[in-house]
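Reviewing the structure listed below.
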Amino acid sequence: MEQIQGIIERITYQNEENGYTVIKVRVKGYSDLVAVTGNMASVSVGSVLSMTGEWKVDSKYGRQFNAALYSETLPATVYGIQKYLGSGLIKGIGPKYAKKIVGTFMENTLDVIENNPNELITVDGIGKKRVELIKKAWGEQREIKNLMIFLQEKGISTTYASRIYRAYGDRSIETITENPYKLADDIFGIGFRTADIIAEKLGVDKERHMRCRSGIFYTLNELSNEGHCFAHWNQLVESATELLGIEEPKIVMTLSDMAFSGDVIAEENKSRIYLPPFYHCESGTAKLIEKIAVYPREKKINNISSDEKTVKYDEMQLKAIECAANSKFMVLTGGPGTGKTTTVKGIIRMFMRNSLSVLLTAPTGRAAKRMTETTGLESKTVHRLLELKPPDGYQKNADNQLEGDFIIVDESSMMDIILFYNLLKAVPPHMSVILIGDTDQLPSIGAGNVLRDIIDSGRVPVIKLEKIFRQAMGSLIIRNAHRINKGLFPEINNSRQSDFFFIEEDDNDRIAEIIVGLCRKRLPSHYGIDPVKDIQVLCPMQKSVTGVQNLNGLLQNALNKNTLTISRGGMEYRLGDKVMQIKNNYEKEVFNGDIGVISHIDLENRALKISFDGRLVEYDLTETDEVVLSYATTIHKSQGSEFDTVVMPLSMSHYLLLQRNLLYTGITRAKKRLVIVGSKKALYCAMNNNKVMERNTWLKNRLNDFAAL
């Protein structure tokens with residue numbers, strides 16, 4: 001084992017999950033920067049490291065020092081201090097102010113910031129407000145460092161230290177010591193497994209009640225992430241027993257205690273176990289559908305179809321318009337090209353002829369925007385319609401309901417049970433509800449199978465449009481979507497006039513290479529389109545060479561040459577990058593799946609601004625784990641969106657996720673052109689796999705119970 005010491009010049013890679021880090025260090029006696037690898041999640045640019053390890057030669061990256069142990073000290077030289085402060089570690093100090101501060105106080109800089117921070121006011125350009133910002137940030141950084149030392153002493157990754165401190169502040173160490181499983185409840189990105197590792201390091205007994213309870217919650221949450229509203233008792237006990245590695249009676253006893261205390265809700269002699277929010281939302285949804293469906297309408301519709309002379313409707317479209325006139329709650333469904341938009345516009349015109357007011361809404365911003373464009377009327381996202389105001393929640397609710405005669409909900413196959421329940425609570429009983437959706441698409445990302453359950457219950461009228469109209473038949477995208485839905489191989493001719501292309505390639509590396517070439521040059525030059533704004537790569541899965549993560553790295557390098565960047569946790573964000581929000585942030589009013597572009601990077605304040613359809617949202621650097629690059633994204637995340645041009649890899653490496661509804665959903669996201677790059681074997685595999693995973697939901701049964709009364 002050897003020892004080296006040096007100043008960190010830059011952090012080139014950092015894995016947030018395991019703390020693996022690659023840094024470049026300036027070491028005395030070496031003319032070039034030394035590449036150092038190891039688990040060093042807490043290090044900062046400018047810090048002085050003493051490292052113990054050994055030299056290795058990597059076939060790809062060359063000679064590296066692999067650090068097994070390290071210790072960190074604050075820099076003592078003027079150069080090191082300036083590098084340290086200029087790294088963005090302390091909010092309020094970027095490269096510009098670091099140079100000014102160090103130029104004023106030289107080697108005493110860190111001592112001044114620690115003990116006499118008010119002296120910073122003497123530095124040109126620094127006012128009282130910035131001094132207070134620096135004092136606060138320095139104090140927080142000190143506490144975070146203490147937390148990191150605590151975590152390191154316990155052999156725990158320091159990756160989540162900033163997030164833990166943001167949640168618990170000065171009580172962080174005390175909170176973790178008392179109940180490490182609180183981390184799984186409170187900290188985004190820390191699940192039960194991470195909390196369990198921490199608990200083990202802290203010596204928590206495997207059979208402690210808090211561990212069993214947390215493991216059961218984790219199992220239920222994992223099932224909800226797969227779309228289930230509840231777990232069957234045996235399914236839950238078996239999964240939790242396997243997860244926790246303890247005897248089944250202990251799980252049964254804990255689960256019984258949780259049901260008694262109301263931590264979970266057990267139905268039908270404990271055959272169905274719910275997390276309380278899913279139970280209340282599912283049972284509440286059934287009651288509200290029944291209430292709305294039977295409640296009399298306040299205003300009658302007399303003039304139903306006076307625009308037949310100007311618009312040619314087929315029989316089912318006319319039936320849908322009549323159904324909208326006579327029903328309090330209905331579903332209109334159908335695939336692409338079957339005239340849903342024309343029918344909806346006809347329904348809206350009928351409402352207006354009869355002086356009825358209509359609200360339009362959709363689950364995502366892109367779906368709402370598309371609805372506005374096709375109808376000419378304002379459509380809002382469900383969150384905006386319900387006037388979400390964190391932390392108070394929805395302003396439109398059971399006590400302050402929406403105003404209007406009708407509400408039309410587009411892309412309702414995307415509605416999970418919690419969002420749908422909150423919408424129905426705000427719908428007054430006299431209002432009529434029309435759900436628009438395509439049940440052949442993927443179900444909602446969140447728990448539930450709302451649209452399918454409502455249709456299958458037979459409790460409300462359902463009109464299904466199936467005829468493909470002549471103008472739509474000219475699109476191979478639409479024809480092939482319907483062919484695939486029927487299990488038929490798509491038509492492929494790859495002519496210049498086509499809007500559906502298939503490039504056959506079996507090798508994964510070549511598929512990735514072709515996709516980058518299509519996005520960088522071939523498609524933009526041929527069609528005159530913007531490679532970032534107009535092209536979206538949609539992948540079946542996250543990982544593999546042809547998955548989201550790898551393609552995003554390749555596409556970022558190919559499409560964005562901006563040098564203004566900011567980094568955190570190994571992720572580099574560049575000015576102009578296309579990014580996606582991956583969790584609901586109610587305070588910022590951005591939601592899971594929203595796509596934006598980085599429009600501003602502030603190195604001084606460690607922040608960036610993202611434009612979501614023209615609305616600027618600011619993110620502190622510590623919040624950037626909520627956004628990921630989205631040059632490529634999953635087909636699941638693309639639901640409710642349409643893109644001018646879609647490029648889709650299809651490889652046997654995606655075997656586990658190759659399903660007909662996934663392929664169908666991906667194809668129907670393309671508005672003007674679609675290019676599939678991959679193997680015919682994978683295409684056949686997806687097309688022929690029509691097995692849809694059943695979700696544990698009880699909404700259909702609850703609606704049937706009402707119908708039987």
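Worth knowing before you read on, the calculation uses all heavy atoms, side chains too, and leaves out hydrogens, waters and symmetry mates. Just so you know, residue 1 is the first one in the sequence shown, and it goes up from there.
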key: Contacts of Asp186 that satisfy side chain to side chain donor-acceptor pair (under 3.5 Å) - sequence neighbours left out   = Tyr168, Lys182

request  = Using the side-chain hydrogen bond (donor to acceptor under 3.5 Å, both in side chains) rule, collect all pairs that involve residues 359-373, keeping only residues at least two apart or in two chains.
outcome  = Arg370-Glu411

query = If only atom types and distance count, is the side chain of Lys609 paired as donor or acceptor with the main-chain N or O of Glu618 below 3.5 Å?
reply = no

task = Keeping to residues at least two apart or across chains, list the salt bridge (charged side-chain N to carboxylate O under 4.0 Å, His left out) pairs with something in residues 513-528.
result = Arg510-Glu513

ask   = Is the backbone N or O of Gln395 less than 3.5 Å from a side-chain atom of Asn400, with the two atoms forming a donor-acceptor pair by type?
value = yes

Side chain proximity check, Ile408 to Met371, heavy atoms < 4.5 angstrom = yes

ask   = Are Glu587 and Lys389 within salt-bridge range, i.e. N to O under 4.0 Å?
value = no

request  = Tell me yes or no: between the side chains of Tyr527 and Asp644, is some donor less than 3.5 Å from an acceptor?
outcome  = no

ask   = Sub-3.5 Å donor-acceptor pair from the side chain of His430 to the main-chain atoms of Gly404, do we have one?
value = yes

message = According to ring-ring contact (aromatic ring centres under 6.0 Å, His included), does anything in residues 392-427 pair up with another residue at least two apart or in another chain? List the pairs.
response = Phe351-Phe406

task = Give a yes or no on whether the backbone of Val532 and the side-chain of Asp530 come within a donor-acceptor separation of less than 3.5 Å.
result = yes

message = Which residues pass the side chain to side chain donor-acceptor pair (under 3.5 Å) test with Asn557, not counting sequence neighbours?
response = Arg574

query = Taking Ser630 for the side chain and Thr633 for the main chain, is one N or O donor matched with an acceptor at less than 3.5 Å?
reply = no

Side-chain donor/acceptor of Asp416 to backbone N/O of Ile418, under 3.5 Å = yes

inquiry  = Between Asn494 and Phe502 (side chain of the first, backbone of the second, donor and acceptor by atom type, cut-off under 3.5 Å), is there such a pair?
reply    = yes

query = Does Gln401 have any side chain to side chain contact (heavy atoms under 4.5 Å, CB included) partners at least two apart in sequence or in another chain, and if so, which?
reply = Pro428, Pro429

ask   = Under 4.5 Å between any side-chain heavy atoms of Leu559 and Tyr631, yes or no?
value = yes

query = To the nearest 0.5 Å, what is the distance between CG (Leu616) and OG (Ser599)?
reply = 4.5 Å

remark   = By side chain to side chain contact (heavy atoms under 4.5 Å, CB included), Ala398 pairs with (sequence neighbours left out) none

inquiry  = Going by the rule side chain to side chain donor-acceptor pair (under 3.5 Å), which residues pair with Gln581 if we only count those two or more places apart in sequence or in a different chain?
reply    = Tyr619, Glu626

query = Counting N and O atoms only, with roles assigned by atom type, does the side chain of Lys578 sit under 3.5 Å from a partner on the main chain of Gly596, one being a donor and the other an acceptor?
reply = no

For residues 657-677, which side-chain N or O atoms pair as donor and acceptor with protein atoms under 3.5 Å away, sequence neighbours left out?
unit_1: Gln659; atom_1: NE2; unit_2: Lys691; atom_2: O; d: 3.3
unit_1: Arg660; atom_1: NE; unit_2: Ile484; atom_2: O; d: 3.4
unit_1: Arg660; atom_1: NE; unit_2: Met687; atom_2: O; d: 2.8
unit_1: Arg660; atom_1: NH1; unit_2: Asn485; atom_2: O; d: 3.1
unit_1: Arg660; atom_1: NH2; unit_2: Met687; atom_2: O; d: 3.2
unit_1: Tyr664; atom_1: OH; unit_2: Asp438; atom_2: OD2; d: 2.5
unit_1: Thr665; atom_1: OG1; unit_2: Leu442; atom_2: N; d: 3.0
unit_1: Thr665; atom_1: OG1; unit_2: Asn661; atom_2: O; d: 2.7
unit_1: Thr668; atom_1: OG1; unit_2: Tyr664; atom_2: O; d: 2.9
unit_1: Thr668; atom_1: OG1; unit_2: Thr665; atom_2: O; d: 3.1
unit_1: Arg669; atom_1: NE; unit_2: Thr665; atom_2: O; d: 3.0
unit_1: Arg669; atom_1: NH1; unit_2: Ser641; atom_2: O; d: 2.9
unit_1: Arg669; atom_1: NH2; unit_2: Gln441; atom_2: OE1; d: 3.4
unit_1: Arg673; atom_1: NH1; unit_2: Thr645; atom_2: OG1; d: 2.8

inquiry  = Salt bridge check, Lys588 against Glu623: does any charged N sit closer than 4.0 Å to a carboxylate O?
reply    = yes

query = Can you name the residues that form a side chain to side chain contact (heavy atoms under 4.5 Å, CB included) with Thr343, not counting sequence neighbours?
reply = Gln317, Ala320, Ile321, Leu332, Ile347, Leu465

ask   = Roughly how far, to the nearest 0.5 Å, is the NE2 atom of His636 from the CE atom of Met541?
value = 11.5 Å

query = If you measure only the distance, is there a donor-acceptor pair under 3.5 Å linking the side chains of His228 and Thr697?
reply = no

Phe500 backbone acceptor or donor facing Ser498 side chain under 3.5 Å = yes

inquiry  = Applying side chain to side chain contact (heavy atoms under 4.5 Å, CB included), can you list everything that pairs with Val545, at least two apart in sequence or on another chain?
reply    = Asn508, Asp509, Ala512, Asn550

inquiry  = For Val597, is there any backbone N or O sitting under 3.5 Å from a side-chain donor or acceptor partner on Ser611?
reply    = no

request  = Determine which pairs satisfy salt bridge (charged side-chain N to carboxylate O under 4.0 Å, His left out) with at least one residue from residues 393-410, sequence neighbours left out, and list them in order.
outcome  = Lys299-Asp405

